[in-house]
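Read the numbers this way: they start at 1 and go in the same order the structure lists the ligands and their atoms.
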Amino acid sequence: MELNDVMRLVRKNIANLAPYSTARDEYKGKLGFFLDANENPFENGYNRYPDPRQLELKGIISQFKGVAVENMFLGNGSDEAIDLCYRIFCNPGKDNAVSIAPSYGMYRVAADINDVEFREIQLDAEFSFPAEQLTALCDENTKLVFICSPNNPSGNSFPMQQMLDFIASFKGIVVVDEAYIDFAEQDSLLTVLPQYKNLIVLQTLSKAYGLAGLRLGLAFADAEIMSIFAKVKYPYNINIAGMERAKELLKRDVKAEIELLKSERKRVADALVAMQCVEKVFPSDANFLLVRVNDARGLYEALIKEQVIVRDRSRLKGCEETLRITIGRPEENDRMLAIVNNWK
Ligand SMILES: *Cc1c(COP(=O)(O)O)cnc(C)c1O
């Protein structure tokens with residue numbers, strides 16, 4: 001899609017929105033006596049409002065993601081970016097969004113909150129990419145398609161070319177949620193972001209970067225789309241404490257942790273496959289395994305009794321009798337494996 005056509009997808013009220021102008025938008029200098037924001041002038045580290053554009057933290061993220069600051073949005077978790085997609089592109093009661101099932105539950109919740117019809121395609125038994133069905137389900141009021149890759153809870157990535165063909169053919173916004181991309185063998189769609197003006201890529205600092213408690217979600221897209229995100233978001237959506245901790249903690253190298261979790265994923269999958277109660281371990285490009293067992297509820301409760309908590313995903317269609325097991329530290333994985341092995 002051409003950028004002009006993408007910008008026409010923005011709701012009229014949002015396109016015409018005059019955003020709130022903060023004191024820090026009107027005077028961007030760093031030096032001086034700041035008598036413009038009604039702050040308490042006695043310094044304690046947090047008496048000033050944070051930078052509404054988060055330029056320092058974005059600069060750091062820009063370096064390791066290889067994406068310019070103007071192509072980036074920083075939110076209160078990915079959830080904020082998901083909600084903003086609906087608020088920016090979907091007219092309540094009129095437009096619709098399309099996704100796959102099983103997938104991440106927030107796409108539907110955010111649609112419901114925004115009074116946007118939510119449609120989904122049930123994936124097949126191998127969780128393969130349903131390009132034709134997605135296209136068939138979209139109509140002229142479909143503004144958003146959410147694709148989670150690697151997908152939660154199935155764990156698989158969709159082939160890059162299949163996703164790109166769909167993005168090229170679709171006349172709305174495609175949001176590709178890459179929360180688990182750092183554990184995947186295949187490349188991020190960030191590598192092709194400039195070529196697809198209707199693509200929004202979501203990532204997060206919550207998983208591989210180990211900062212779930214700080215609530216920092218990322219969205220990447222064309223600079224014009226990102227400027228719409230910037231004017232619709234709450235002005236000071238990221239606080240100073242979170243930004244400072246993130247700046248500090250992003251200095252540490254997470255590569256070794258990621259490599260260990262990937263090798264643990266293989267070790268745990270190989271061990272589980274050989275166990276009596278395990279029927280299938282689905283291929284995973286994420287930091288969890290979806291595992292089909294002969295009695296998911298029974299095994300879930302046996303694990304709980306030993307204080308090992310996993311997620312029972314059995315009530316999701318397509319995930320009958322499955323547990324979703326996050327890859328932990330090696331000794332945690334050993335303990336989980338021992339319980340599964342001794343069960344029944
Ligand atoms: C964990 C997860 C996220 C991250 O959510 P945050 O709000 O950034 O913590 C996003 N998408 C999917 C599919 C996830 O599983």
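The residue from L211, L214, L57 that alone fulfils the side chain to side chain contact (heavy atoms under 4.5 Å, CB included) condition with L205 is L211. Screening S149, S78, S188 for a side chain to side chain contact (heavy atoms under 4.5 Å, CB included) with E178, the sole residue that qualifies is S188. When the options D115, N114, I113 are evaluated for a side chain to side chain contact (heavy atoms under 4.5 Å, CB included) with P92, the one that passes is D115.
For the pair Y209/L249, no side-chain contact is recorded, criterion being any heavy-atom separation below 4.5 Å from C-beta on. Side-chain contact between D51 and E56 is absent, with no heavy-atom pair separated by less than 4.5 Å. A heavy-atom distance below 4.5 Å is found between the side chains of C319 and L290.
At a heavy-atom distance under 4.0 Å, atoms from both the backbone and the side chain of S78 approach ligand 1. At a 4.0 Å heavy-atom cut-off, ligand 1 touches D79 through backbone and side chain alike. With a 4.0 Å heavy-atom cut-off, ligand 1 is reached by no atom of M106.
Protein heavy atom nearest atom 9 (O) of ligand 1, with residue, atom name and distance: S206 OG, 2.6 Å. The single protein non-hydrogen atom nearest to atom 14 (C) of ligand 1 is K207 NZ, 3.2 Å, given as residue, atom name and distance. Residue, atom and distance of the protein heavy atom nearest to atom 15 (O) of ligand 1 are Y180 OH, 2.7 Å. Protein heavy atom in closest approach to atom 7 (O) of ligand 1: R215 NH2, 2.6 Å.
Using a 4.0 Å heavy-atom cutoff, A212 is absent from the residues neighbouring ligand 1.
Residue D177 holds the heavy atom nearest to atom 10 (C) of ligand 1 of all those in T204, L216, D177.
Counting the atoms of ligand 1 from 1 in the order shown, those under 4.0 Å from a heavy atom of C148 are 13 (C). Atoms of ligand 1 found under 4.0 Å from any heavy atom of A179, numbered from 1 in the order shown, are 2 (C), 3 (C), 10 (C), 11 (N), 12 (C), 14 (C).
A parallel orientation is assigned to the rings of Y49 and Y236, their planes being inclined by less than 30° (bins at 30° and 60°).
Heavy-atom contacts from other residues, nucleotides or ligands closer than 6.0 Å to OH of Y234 number 12 or fewer.
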